[in-house]
Amino acid sequence: MTLATYTANPFYARHVKRVAPRQEARARPVYARLPRAPKNASPVPHLTSLYHFHRAGEYGDRSYPGNCGGNLIKDLLRYFKPGLVLDPMSGSGTCADVCKELDIACMHFDIHQGFDACDPNDFTAVETFDFIWAHPAYWRQKLYADDPRDLSRSPTLEHFLRRYGQFIRNCARALKQGGKLAILIGDYSDRETGFVPLTFHTKHLAFAAGLKQCTTDIIRFSHGASSSKKVYRSCFIPGLHDVCMIFEKQS
């Protein structure tokens with residue numbers, strides 16, 4: 001007896017319940033149970049290596065390309081308690097909005113205002129900073145500015161890494177002794193180059209600049225990413241997170 005005749009028989013059909021998955025059920029978000037964090041003296045107990053915050057918060061402009069929301073920035077500032085903050089790739093001003101709420105002094109610049117964070121001449125100010133927040137371009141995954149100096153306009157990965165390395169060196173030079181540099185970035189698959197491990201390259205360049213990683217990687221779940229609403233014809237393993245790495249300038 002074939003499967004077709006077996007399931008076509010009304011008697012057996014009552015006993016064989018082969019229910020196709022509902023499309024709307026598959027579209028619903030799936031929530032995982034996170035491990036319980038050990039209790040410690042942290043001023044931000046919920047800040048762990050796994051960062052889940054589905055609401056972006058009222059910081060910056062969510063319609064701005066690459067806006068990441070301000071909650072992670074807020075928790076990092078509450079944890080490290082810096083006196084003076086720099087955001088050299090400020091975009092729509094998310095970090096500045098968070099600093100304003102927390103009453104922390106912040107300087108912020110962007111390529112849209114003509115500030116090239118990859119140019120050492122733009123980091124010649126006498127100010128040094130306790131904390132630098134950076135959310136750089138993921139190479140050419142998403143284009144930000146028409147300015148050819150913008151990192152997202154780098155024609156090759158080699159060109160991107162050369163300028164990205166200069167940016168990290170600029171930040172290292174602008175930090176106070178013991179100051180922190182937090183970089184949020186993610187890996188992605190480029191159509192021509194293939195998989196681009198930007199988190200690996202970030203650590204390599206930061207170590208080469210004389211910085212030391214001072215905390216665990218923070219894996220930030222990418223809630224609200226525009227890619228989650230798209231349908232792709234190609235087969236791949238989707239990336240649902242980016243990584244925040246915190247480096248320290250040695251005394």
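What you are looking at is a predicted structure, and each value in this text was computed from that prediction instead of being measured. Along the sequence shown, the residues carry numbers beginning at 1.
Taking every heavy atom of both residues into account, Pro88 and Ala117 meet most closely at O-CB, 3.7 Å. Residues Leu34 and His52 approach most closely at CD1-CB, 4.4 Å, considering heavy atoms. When all heavy atoms of Asp242 and Ile185 are compared, the closest pair comes out as CB-O, 3.4 Å. For Ala145 against Ser152, the heavy-atom pair with the smallest separation is N-OG, 4.4 Å. Counting all heavy atoms, side chain and backbone alike, Ala37 lies closest to Thr48 at CB-CG2, 3.8 Å. Smallest separation of non-hydrogen atoms from Ile132 and Ala174: CD1-CB, 4.3 Å.
From Leu181, atom CG reaches atom NZ of Lys249 across 11.0 Å, with rounding to the nearest 0.5 Å. The distance from atom CG of Asn170 to atom CD1 of Ile168, rounded to the nearest 0.5 Å, is 10.0 Å. Interatomic distance, Leu240 CG to Ile219 CD1, rounded to the nearest 0.5 Å: 12.0 Å. Separation of atoms OH (Tyr138) and OH (Tyr188) is listed at 12.0 Å; rounding is to 0.5 Å. The line from CG of Leu161 to OG of Ser154 is 8.5 Å long, rounded to the nearest 0.5 Å. Atom-to-atom distance recorded for Asp217:CG and His241:NE2 is 9.0 Å, nearest 0.5 angstrom.
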### Query
Run the salt bridge (Lys or Arg N to Asp or Glu O under 4.0 Å) check on Arg163 and Asp119 step by step: do they pass?
CA-CA 8 Å; Arg163 301 202 73 229; Asp119 185 346; over 6 Å; no
### Task
Could you walk me through whether Val98 and Leu77 pass the side-chain contact (heavy atoms from CB on, under 4.5 Å) test, one step at a time?
CA-CA 9 Å; Val98 173; Leu77 295 179; 4.0 Å; yes
#### Entry: From CA spacing to verdict: side-chain contact (heavy atoms from CB on, under 4.5 Å), Leu47, Leu72
CA-CA 8 Å; Leu47 180 60; Leu72 176 57; 4.1 Å; yes
### Task
Walk me through it: do Phe80 and Thr215 pass the test side-chain contact (heavy atoms from CB on, under 4.5 Å)?
CA-CA 11 Å; Phe80 289 110; Thr215 71; 4.0 Å; yes
### Task
Might you work through the side-chain contact (heavy atoms from CB on, under 4.5 Å) test for Ile73 and Thr94, ending with a clear yes or no?
CA-CA 9 Å; Ile73 304 173; Thr94 301; 4.0 Å; yes
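Look at Asp97 and Lys100 and you find no salt bridge, because none of the NZ, NE, NH1 or NH2 atoms lies under 4.0 Å from a carboxylate O. Note on Arg140 versus Asp190: salt bridge recorded, some NZ/NE/NH1/NH2 to OD/OE distance being below 4.0 Å. Comment: Asp146 engages Arg153 in a salt bridge, judged by a side-chain N to carboxylate O separation of less than 4.0 angstrom. Residues Lys180 and Glu248 are paired through a salt bridge, judged by an N-O separation under 4.0 Å between the basic side chain and the carboxylate.
Side-chain contact between Ile111 and Tyr144: absent, with no pair of heavy atoms (C-beta onward) separated by less than 4.5 Å. Between Leu76 and Ile246, some side-chain heavy-atom pair lies under the 4.5 Å cut-off. Side chains of Arg173 and Pro120 form a contact here, defined as non-hydrogen atoms less than 4.5 Å apart. Inter-residue side-chain proximity for His108 and Trp133 is flagged as unmet; no heavy-atom pair is nearer than 4.5 Å. Counting only heavy atoms from C-beta outward, the side chains of Cys95 and Val85 approach each other to under 4.5 Å. When side chains are defined from C-beta on, Phe160 counts as touching Leu198, because their heavy atoms get closer than 4.5 Å. Contact annotation: the side chain of Phe123 approaches that of Phe115 to within less than 4.5 Å [non-hydrogen atoms, C-beta and beyond]. Side chains of Phe167 and Met89 form a contact here, defined as non-hydrogen atoms less than 4.5 Å apart.
Judged purely by atom type and a 3.5 angstrom limit, Ser189 has no side-chain atom pairing as donor or acceptor with the backbone of Gly194. A donor-acceptor pair under 3.5 Å is formed between the side chain of Thr156 and the backbone N or O of His159. Panel note: side chain Lys203, backbone Phe200; no donor-acceptor pair is recorded below 3.5 Å. Here the side chain of Asp130 pairs a donor or acceptor atom with the backbone of Gly83 at under 3.5 angstrom. No donor-acceptor pair under 3.5 Å is formed between the side chain of Glu101 and the backbone N or O of Asp103.
Heavy atoms from other residues, nucleotides or ligands lying under 6.0 Å from CD of Gln113 number more than 12.
Linking Ile, Leu, Val, Met, Phe, Trp and Tyr whenever their side-chain heavy atoms come within less than 4.5 Å puts Val44 and Tyr51 in one cluster.
His46 and Asp75 are linked by a side-chain donor-acceptor pair at a separation below 3.5 angstrom, with hydrogens and angles left out of the test. A donor-acceptor contact under 3.5 angstrom links the side chains of Thr202 and Tyr164, judged on distance only.
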